[in-house]
Amino acid sequence: MSNIEQTLSIIKPDAVQRGLDNAIKDMLKSKGFLIIKEKKIQIEKSEAEKFYKVHETKSFYNDLCSYLSSGPIVAMILEKENAVLDNRELMGATDPKDALEGTIREKYGISIDKNSVHGSDSVENAKIEINFFFKD
Ligand code: UDP
Ligand code: MG
């Protein structure tokens, strides 16, 4: 049985600023992800606060929202078999120093906050996050 899923991926400001969009897209494509839609945008802090609402009680919430809205990002709908978990695996651990070899964060992440990519953590959240960026 095939299990084609979609997930939301974001190339975060630190990576866009360093011109890593194409290198990261190539890593995704080489693992079989189709990029169904993509857009490069800069969001308002208030929008970042909505996007990361699940983290609103965390100490890092304010800095995280300032950071995500600090420069252009690339939001993408990715599709493949088991896209949600496979993207999390390709991203690597939240803190790049814990990320396994060959992962995006191991290769490009700078620090736990500037970790180059976001990826939905469940099929349910993927639907919400895709709708957040691509509702039209
Ligand atoms: N983050 C941070 N400090 C922390 C934990 C998380 O700045 O101690 C940031 C980091 O950019 C991370 C984001 O908050 O990507 C969301 O955290 P989450 O735990 O959901 O990690 P992710 O799903 O991105 O791996
Ligand atoms: Mg998360």
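Both backbone and side-chain heavy atoms feed into the values below; hydrogens, waters and symmetry mates do not. Atoms within each ligand, like the ligands themselves, are counted from 1 in listed order.
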Is any NZ, NE, NH1 or NH2 atom of the basic residue among [X] and [Y] found under 4.0 Å from an Asp or Glu carboxylate oxygen of the other?
X: D86; Y: K80; result: yes
X: K53; Y: E56; result: yes
X: D14; Y: K12; result: no
X: E38; Y: K25; result: yes

Which residue and atom name correspond to the protein heavy atom nearest [atom], and how close is it?
atom: atom 7 (O) of ligand 1; value: D113 CB, 3.5 Å
atom: atom 24 (O) of ligand 1; value: R105 NH2, 3.0 Å
atom: atom 25 (O) of ligand 1; value: T94 OG1, 2.5 Å
atom: atom 13 (C) of ligand 1; value: L64 CD1, 3.8 Å

| said: Starting from V74, can I reach F134 by hopping between I/L/V/M/F/W/Y residues whose side chains sit under 4.5 Å apart? | reply: no
| note | Checking L28, L8, I10 against M76 for side-chain contact (heavy atoms from CB on, under 4.5 Å), the one that qualifies is L28
| query | Any N or O on H118 sitting closer than 3.5 Å to an N or O of ligand 1? | reply | no
| message | With nothing but distance in play, are any N or O atoms of R88 less than 3.5 Å from an N or O of ligand 1? | response | yes
Ligand-residue contact atoms, ligand 1 with [X], heavy atoms, under 4.0 Å:
X: K12; answer: 11 (O), 12 (C), 15 (O)
X: I112; answer: 4 (C), 5 (C), 8 (O), 10 (C), 11 (O)
X: N115; answer: 10 (C), 11 (O), 12 (C), 15 (O)

| request: Would you mind finding which of Y52, F60, Y67 brings a heavy atom closest to atom 8 (O) of ligand 1? | output: F60
| Is H55 near ligand 1, meaning one of its heavy atoms is under 4.0 Å from it? | yes
| said: Would K114 count as a contact residue for ligand 1, given that I'm defining contact as a non-hydrogen atom of the residue lying under 4.0 Å from a ligand atom? | reply: no
| request: Test the K135-F132 pair against the cation-pi criterion, namely NZ or CZ under 6.0 angstrom from the six-membered ring centroid and within 45° of the ring axis. | output: yes
| query | Counting distance only, does the side-chain N/O of Y61 pair as donor-acceptor with the main-chain N or O of E49 below 3.5 Å? | reply | yes
